[in-house]
Structures are given as structure tokens and as C-alpha cells.
**Q** 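Please read through the structure below; I'll follow up with questions.
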Amino acid sequence: MGHVTDSSGAVEHVELPVACTLGASDGPSRLQRWLHLHQIAAPTAQLTNGELTVRYRAGPEVLAELQDLVAEERVCCAFVSWAVDEERGQPVLRITAPAGSPQDIELFAAMFAATD
């Protein structure tokens with residue numbers, strides 16, 4: 001289980017997926033990086049047909065940090081597909097479940113507070 005502390009100091013417990021190979025000592029720091037990115041880039045997320053699309057507000061270092069995080073996630077959470085691109089200057093993350101396994105991205109959708 002990972003722990004994330006938000007800006008108010010509250011600690012949130014986050015379960016990592018069973019298929020995730022992220023080490024126990026790496027989880028908290030990775031989750032902190034995601035939380036920081038979300039605080040500075042105010043993402044919006046939508047889950048549609050097994051694909052989670054997360055759009056970030058453009059800003060200094062947002063795209064670079066997103067690309068770095070996704071490169072690391074591709075190693076530990078290879079059971080889903082990760083892609084980063086830009087649309088109209090906004091960084092966009094797409095996480096896609098394998099065919100026939102849309103439930104594989106449900107935890108990510110919950111973490112990103114995705115809407116249907």
C-alpha cells in the first residue's frame with residue numbers, strides 16, 4: 001500500500017495493483033510525484049471504453065514530468081498501455097487496458113477521479 005499526503009497534510013492510503021512491480025520503497029515517492037503534478041497541472045480525466053484520458057493544464061515542466069513518470073510506469077505497470085502526447089498545447093496521458101480487460105484500468109481511473 002502507498003501513502004499520499006496532500007497539501008493539507010492529510011494522508012491517503014492507495015492500494016497498488018497486484019500486477020504492479022513497483023517496489024514498496026518506491027511507491028510513496030512515485031505517488032508524491034503524481035500528486036505534485038496534479039496540484040500544479042489540474043488534470044481532468046475521462047474513462048471511455050477501456051481507455052483513460054487525462055488532460056493536463058500546460059505549464060513549465062508539466063510535459064517533461066508527465067513523460068518521466070509515464071516512462072517509469074511503463075516498467076512497473078506494463079499490464080496497461082501508457083501514451084503521452086500534446087493536443088492544442090496541453091499534455092495528454094492515455095492509459096489503455098488490454099483488450100477484454102477494461103477492469104485493469106479501474107484503479108487508475110479512480111486515482112485520477114475519471115468521469116464516464
Side-chain angles (χ1 to χ4, degrees):
M1 177 177 345
H3 304 281
V4 176
T5 305
D6 67 18
S7 59
S8 70
V11 175
E12 176 184 343
H13 300 280
V14 179
E15 293 289 333
L16 298 174
V18 173
C20 181
T21 61
L22 186 63
S25 62
D26 298 325
S29 64
R30 178 86 52 84
L31 291 171
Q32 278 291 358
R33 287 179 63 198
W34 278 111
L35 180 61
H36 178 72
L37 180 62
H38 286 217
Q39 289 172 338
I40 64 170
T44 59
Q46 184 172 14
L47 180 60
T48 308
N49 298 325
E51 181 175 270
L52 176 63
T53 302
V54 185
R55 298 178 191 288
Y56 292 85
R57 184 175 60 216
E61 307 298 323
V62 172
L63 181 59
E65 177 65 355
L66 182 58
Q67 289 171 327
D68 287 348
L69 282 165
V70 166
E72 293 176 9
E73 296 296 347
R74 283 183 182 126
V75 174
C76 72
C77 295
F79 58 95
V80 294
S81 296
W82 299 82
V84 175
D85 57 19
E86 280 188 285
E87 292 178 2
R88 293 178 293 250
Q90 283 187 291
V92 178
L93 166 63
R94 286 188 174 77
I95 306 172
T96 307
S101 299
Q103 71 281 359
D104 286 355
I105 61 171
E106 289 176 359
L107 175 66
F108 298 108
M111 290 174 62
F112 287 94
T115 60
D116 291 343

**Q** To the nearest 0.5 Å, tell me how far F112 CZ sits from I105 CD1.
**A**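 It comes to 10.5 Å.
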
**Q** Quick check for you: to the nearest 0.5 Å, what is the distance between L52 atom CG and L93 atom CG?
**A**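 With rounding to 0.5 Å, CG (L52) is 6.5 Å from CG (L93).
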
**Q** Can you give me the closest heavy-atom contact between L47 and A109, atom names plus distance?
**A**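 Shortest heavy-atom contact: CD2-CB, 3.8 Å.
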
**Q** Apply side-chain contact (heavy atoms from CB on, under 4.5 Å) to the pair T53 and V92, showing each step before the final yes or no.
**A** CA-CA 7 Å; T53 302; V92 178; 3.8 Å; yes

**Q** Are S81 and I95 close enough that some pair of their side-chain heavy atoms sits under 4.5 Å apart?
**A**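 Side-chain contact under 4.5 Å: no.
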
**Q** Which pair of non-hydrogen atoms, one from P102 and one from A97, has the smallest distance, and what is that distance?
**A**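 Reported closest heavy-atom pair: CA-CB, 3.7 Å.
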
**Q** Would you give the length of the straight line joining atom CG of L35 to atom CZ of R30, rounded to the nearest 0.5 angstrom?
**A**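 Atom-to-atom, L35:CG and R30:CZ are 14.5 Å apart.
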
**Q** Report the C-alpha separation of W34 and E73 in whole Å, then their side-chain angles, then the decisive distance to 0.1 Å, and conclude whether the side-chain contact (heavy atoms from CB on, under 4.5 Å) test is met.
**A** CA-CA 11 Å; W34 278 111; E73 296 296 347; 2.8 Å; yes

**Q** Between CD of E51 and OG1 of T96, what distance do you get to the nearest 0.5 Å?
**A**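 It comes to 4.0 Å.
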
**Q** Looking only at non-hydrogen atoms, find the nearest pair between R74 and A78 and report the distance.
**A**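 Looking at all heavy atoms of both residues, the shortest contact is O-CB, 3.3 Å.
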
**Q** Could you walk me through whether H38 and Y56 pass the side-chain contact (heavy atoms from CB on, under 4.5 Å) test, one step at a time?
**A** CA-CA 8 Å; H38 286 217; Y56 292 85; 3.2 Å; yes

**Q** Return the CZ to OG1 distance between R94 and T48, rounded to the nearest 0.5 Å.
**A**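 R94 atom CZ to T48 atom OG1 measures 10.5 Å (nearest 0.5 Å).
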
**Q** Just list the side-chain donor-acceptor pairs under 3.5 Å for residues 57-70, sequence neighbours left out, or say none.
**A**
residue : atom : partner : partner atom : Å
R57     : NH2  : I40     : O            : 2.8
E65     : OE1  : R33     : NH2          : 3.1
E65     : OE2  : R33     : NE           : 2.8
E65     : OE2  : R33     : NH2          : 3.2

**Q** Is there a ring pair (Phe, Tyr, Trp, His ring centres under 6.0 Å) between W82 and F108 once you walk through the steps?
**A** CA-CA 11 Å; W82 299 82; F108 298 108; 5.3 Å; yes

